[in-house]
Amino acid sequence: MLIARAQAGEREAFALLYRRHQATVYRFARAMTGCDTLAEDVVQEVFLALMRELGRYDASRAALPTYLFGVARNISRHRARGLHRLTSLDAADDVIATDDPSAAITQSDRVRHVRAGIAALPARYREVILLCDVHDLSYIDAAAALKVPVGTVRSRLHRARQQLLERLHRRETLASRMQVPKRCVI
Amino acid sequence: MSRQTVPPDDSELRETLRAMAEADASLTTPSRVEASLMEAWDARGPSVPSRSRARGVTWTIMAVAASLVVAMVLQERGAPRASRPITSPDEQTSSPSVEAQGKSPYEAIAWLDPDPASLQIVRLRVASATLAEQGYAVSDLDGDGSVEIEMIVGADGAARSVRINPVWSETVR
């Protein structure tokens, strides 16, 4: 087991652990902070914390991804507080694999709006929707990562989806009102 | 050209979130992050005491302490009263050289505090560079060049132990 080997001081085992989990942690941190550079810092902090706590890490209490999400969540919130604002991810490139170009455009627009909507959610809702709906964590694992009861995860997730939908509806309504009527010149 | 998108419902929202996850699937950290992490790994030394090993050390210390206490009690009971010099508490907890002089049969156990209640936890910020000099590879979370640490300080003002303020503490709030 990689963890045991890393705990025994094997350098390559720790490197493998990093390569296996860094992308997941990075994606979560990026969505939490809304900033690529901050997300990189968060990944580094998370694995530095793992390095420090390796001796105390107990796999029977939480799976490693759950543990890493928990640490990443704390550091992301800490760093985002320091930043005092969230950077928009609207500029991010969304690559959707589909055969239908028009569906891809609509989907891409929607992804962009959802991403912006998630970034605008309060942190307690943002983290739960990211863990459960984007990273597919079970309610139990999400509860372990967030150190809250499972019931809290359920209620926050419900509220997060509700808020996100409300924001998306508001956005769509506003966008349709803002549309200027087209003129046809013959 | 203007594209009109219909507000999504709950199932569409989940589908969009899945699409978002797929779109992000290729995102990864740059190699410099791994390089700096492995540098930190190399700087911290070759091995880390595992949980079971640390527990073993704790049990060994406790066993040695218990044997010392038992030995002292047995020695006290076995020794004739007349040959046992009366000493003050200060002398009893002083260095082993006192025993060599025949003043006390007791041996001080240096690592035990006489009164654990006198210990205090002191939280302070120190420069991360100072910790780095001591061999602790810690990067400051605030980015201000300092990190939060906790020290256990005895009644005599001497530090008994120190630790970096754990990031997990935030979850308690």
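Lettering follows sequence order; numbering is per chain, from 1.
B:Ala25 approaches A:Arg27 most closely through the heavy-atom pair O-NH1, 3.1 Å. Residue B:Ala19 comes nearest to A:Val111 through the heavy atom pair CB-CG2, 3.9 Å, listed as atom of the first residue, atom of the second, then distance. Shortest non-hydrogen contact noted between A:Phe14 and B:Met38 is CD2-SD, 4.0 Å. The minimum heavy-atom distance linking B:Thr28 with A:Tyr26 is given by the pair O-CE2, 3.7 Å.
The distance from the CG atom of A:Leu48 to the CG atom of B:Leu37 is 5.0 Å, given to the nearest 0.5 Å. Rounded to the nearest 0.5 Å, atoms CG (B:Leu27) and OG1 (A:Thr24) are 11.0 Å apart. Between the CZ atom of A:Arg11 and the CG atom of B:Asp42 there is a distance of 4.0 Å, given to the nearest 0.5 Å.
Looking at heavy atoms from C-beta onward, B:Met20 lies in side-chain contact with A:Ile118 at the 4.5 angstrom threshold. Under the 4.5 Å side-chain criterion, counting only non-hydrogen atoms from C-beta, B:Asp24 is in contact with A:Arg115.
Between the B:Arg14 side chain and the A:Asp133 main chain, no donor and acceptor come within less than 3.5 Å of each other. Side-chain atoms of B:Arg44 come within 3.5 Å of backbone atoms of A:Met51 as a donor-acceptor pair (strictly under, hydrogens ignored). B:Glu34 places no side-chain N or O within donor-acceptor distance of the main-chain N or O of A:Tyr18, the cut-off being under 3.5 Å.
Heavy-atom neighbours of A:Ile140 CD1 from other residues, nucleotides or ligands within 6.0 Å: at or below the threshold of 12. Counting heavy-atom neighbours within 6.0 Å of A:Arg20 CZ, excluding the residue itself, gives a total of 12 or less.
In the model, A:Gln22 has a side-chain atom that pairs as donor or acceptor with a side-chain atom of B:Thr29 under 3.5 Å.
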